[in-house]
Protein chains: 2
Amino acid sequence: MARRRQTVTIKHVAADAGVSLQTVSRVINNEPNVRPAMAERVREAITRLGYVPSLAAQRMGGSRSYLILALNDRDRTISDWRARQGTDWVDQMLLGGMLTCARHGYRLLLELVDTHSDRIERELAATIAALQPDGVILTPPHSDNPLIAELLDRHDIAFARIGAQGGGAGIALSMADEAGARRATEHLLALGHRRIGFVAGPEDYTTSAQRADGWRGAMREAGASCDGLLAVGNFDFPSGEAAAHALLGAAVPPSAILASSDQMALGVLAAARERGLSVPDDLSVVSFDDTPIARFAHPPLTAMEQPIAAVTARAVELIIAQLGGRARPAAPVVIAGELKVRASTAAPRV
Amino acid sequence: MARRRQTVTIKHVAADAGVSLQTVSRVINNEPNVRPAMAERVREAITRLGYVPSLAAQRMGGSRSYLILALNDRDRTISDWRARQGTDWVDQMLLGGMLTCARHGYRLLLELVDTHSDRIERELAATIAALQPDGVILTPPHSDNPLIAELLDRHDIAFARIGAQGGGAGIALSMADEAGARRATEHLLALGHRRIGFVAGPEDYTTSAQRADGWRGAMREAGASCDGLLAVGNFDFPSGEAAAHALLGAAVPPSAILASSDQMALGVLAAARERGLSVPDDLSVVSFDDTPIARFAHPPLTAMEQPIAAVTARAVELIIAQLGGRARPAAPVVIAGELKVRASTAAPRV
DNA sequence: GTGAAAGCGCTAACAC
DNA sequence: GTGTTAGCGCTTTCAC
């Protein structure tokens, strides 16, 4: 493989426009101290020659890398991909992230990192050393990992924490977990439900606790008890099924269940079927996330949407703004999803 | 933002190991002419210091960029993401591509490019100039675009063409479209169907013609006629629905329909429902792709799988092998998917 | 086998 | 405002 050199470099442009390298560089980077006429001449040369700066060289010169990393949990991402259940978290991140990056001349690079490993710090440090990204987007459960935050901070890399509640460095962006769970619970309360079960997510996701709080808050305000109505899963189907069986097997079973993921809600649906309960007549079910599978379920699930594309887009914008010198938002940025009401919820049987 | 410099560079390693820069470079790149003992000493220093070479600097020095681009059609990809129908082509590419890249020290970068644009050449040239990838993976409909192939060839960039039939530069990888369509048709013939309709994909996808050939071949061999049994769609739901109505409205309608995408098959299902036909009793339906939606359909669709993850993994391997000096395969690499038999196919009503 | 020198394409710092 | 100089961290010559 031949040594691949840049076909047209800043030198060619400078020669063609009859100016110095530096002036071309200034024009490329929209820096001041270039006379309009001169800038115009340079821009013409750039267009004529079809010049595009080399990212590697820009980076070497000591400026930006124009790279933003999206860090996702390796195991969960890969198992979602393998399962082919329509989980589109990554796709929605790319939708929001790539397009926003492109608009600003940045690239988004997806990276998978081990969560539970003590290697995580070394692994991430290596990635940073190799790629030297200008920004990093953290997704749960990394968003609340203080080791990662500290590392990024030390390297002076702008970063956003999706699904984080603030506190600590970085830009916190929340998808209104507490409010969302509250909204979902209120929807069920408004239908007339009083005994509303909640299937929480695993504890290493801080959103899990937030959602539980929302459910508890709405219940409390409605004067409904939460006793014996909380179960814990790990976001997957079997754990939802098991949790539902535990809740439905109680002396006074719930008439509705709110699950912290679509997969767990499908598990709830399965458990209901096994028990001969009809949804929504005997049991109402609400899920979180609203991945495609929620619409294809039977019945289609009422679900709290997770606005991943929107929140990722915002994360990119805030990172780039910070790189441009603007201050990061003091308070967490909240982007709420909508409750998509479908056929899995109805008034309880009298 | 402070000027971000490499914390530990090749210089530090060289100093620490008491050797020259060059020796460290040789060790990093597994080059000959380093005594084992020396190499060992360097490796120790690398580990001790946690050194990781900067990709940008490696690229600048004139070597690899360790970057492979996955080029996907912008419009189709974005509309799939927006539609949230569970289409997981991108995810499967990432699954196969990222993991294989990682295993070889490469990164996969997803890029969206306009298909039908005359800007495509300039757009791609700009991306290449900016990123200087070592390899590119082309997906339909780019795989058969001679302009792209020529451009890549001129830049001496290794590239793979997924879903291509060979001919021209680059590594052709086919997902056995003709054989797949043949296999699906034979499945229906074996069930006793004789009038099997086919909903083809759009013409700018060469796979469309391949699949039609497979269907025609199987029909011919079975002595079945194809007259009035071919309709054309553009892979989406409405086009599948319209095509089905056209086929089913004929004087002698088909008892089975093979559709070139899951979405079109769902359209066929909808058309059947509108006409009061029961699937599979009145009409058998087979789809192509086997995205998650095929499993969630009613009834679940018998589908020809597209082994995207496998073919992308193979593409990455072949690109990296070629970068390593090995010759590209002379003939197209064929990776066949399986026919997933589900509840949408049965023997025709007598 | 190993090292010293030059240069990749760009930007920062400083001079003019 | 503009040009000049000196690197960035690495690889490629080419000596030894």
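Chain letters run A, B, ... following the sequence lines, proteins first, then strands; residues in each count from 1. Values below: every heavy atom of this structure, side chains too, minus hydrogens, waters and symmetry copies.
- Between its two ends, the helix from C:dG1-D:dC16 to C:dC16-D:dG1 turns its axis by 30°, counting five pairs per end and rounding to 10 degrees.
- Mapping B:Ala57 and B:Val19 onto DNA chain C via the closest heavy atom, the residue that lands nearer the 5' end is B:Val19.
- To the nearest angstrom, P of D:dT11 lies 5 Å from CD1 of B:Ile10.
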Worked verdict on A:Arg314 versus A:Glu317 for salt bridge (charged side-chain N to carboxylate O under 4.0 Å, His left out): CA-CA 5 Å; A:Arg314 196 86 192 87; A:Glu317 277 169 1; 2.9 Å; yes
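- Using a 4.0 Å cut-off, some side-chain N or O of B:Tyr51 falls inside it from OP1 or OP2 of D:dC10.
- In this structure, B:Ser174 contributes its side chain and B:Gly163 its backbone to no donor-acceptor pair below 3.5 Å.
- Take B:Tyr106 and apply the ring pair (Phe, Tyr, Trp, His ring centres under 6.0 Å) test, not counting sequence neighbours, and it matches B:Tyr66.
- As a whole-Å value, the separation of B:Arg26 CZ from D:dC14 P is 14 Å.
- What separates NE2 of B:His12 from C1' of D:dC8 is a distance of 12 Å, to the nearest Å.
- At whole-Å resolution of the value, NZ in A:Lys11 and C1' in D:dT5 are 14 Å apart.
- Spacing between atom CG of A:Asn29 and atom P of C:dA13 amounts to 14 Å, rounded to whole angstrom units.
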Criterion salt bridge (charged side-chain N to carboxylate O under 4.0 Å, His left out) on A:Arg35 and A:Glu40, from CA distance to verdict: CA-CA 9 Å; A:Arg35 226 170 326 188; A:Glu40 192 42 46; over 6 Å; no
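- You won't find any donor-acceptor pair under 3.5 Å spanning the side chain of B:Arg59 and the base of D:dG9, going by distance alone.
- For the OP1/OP2 pair of D:dT2 and a distance below 4.0 Å, the side-chain nitrogens and oxygens of A:Arg35 include at least one atom meeting the criterion.
- Closest approach to the B:Thr9 side chain among D:dT11, D:dC10, C:dT2 is made by D:dC10 (side chain taken as heavy atoms from C-beta onward).
- Not one side-chain nitrogen or oxygen of A:Gln6 sits closer than 4.0 Å to the OP1 or OP2 atom of C:dG9.
- Distance NE2/A:His142 to CG/A:Asp204: 10.5 Å, rounded to 0.5 Å.
- With DNA chain D read from its 5' end, the first of the two nearest nucleotides for A:Met38 and B:Thr7 is the one closest to A:Met38.
- A salt bridge does not link B:Arg74 with B:Glu111: none of the charged nitrogens is closer than 4.0 Å to a carboxylate oxygen.
- Checking side-chain atoms of A:Asp134 against main-chain N and O of A:Ser65 turns up a donor-acceptor pair under 3.5 Å.
- A:Met60 places its CE atom 12 Å from the P atom of C:dC10, with the value rounded to the nearest Å.
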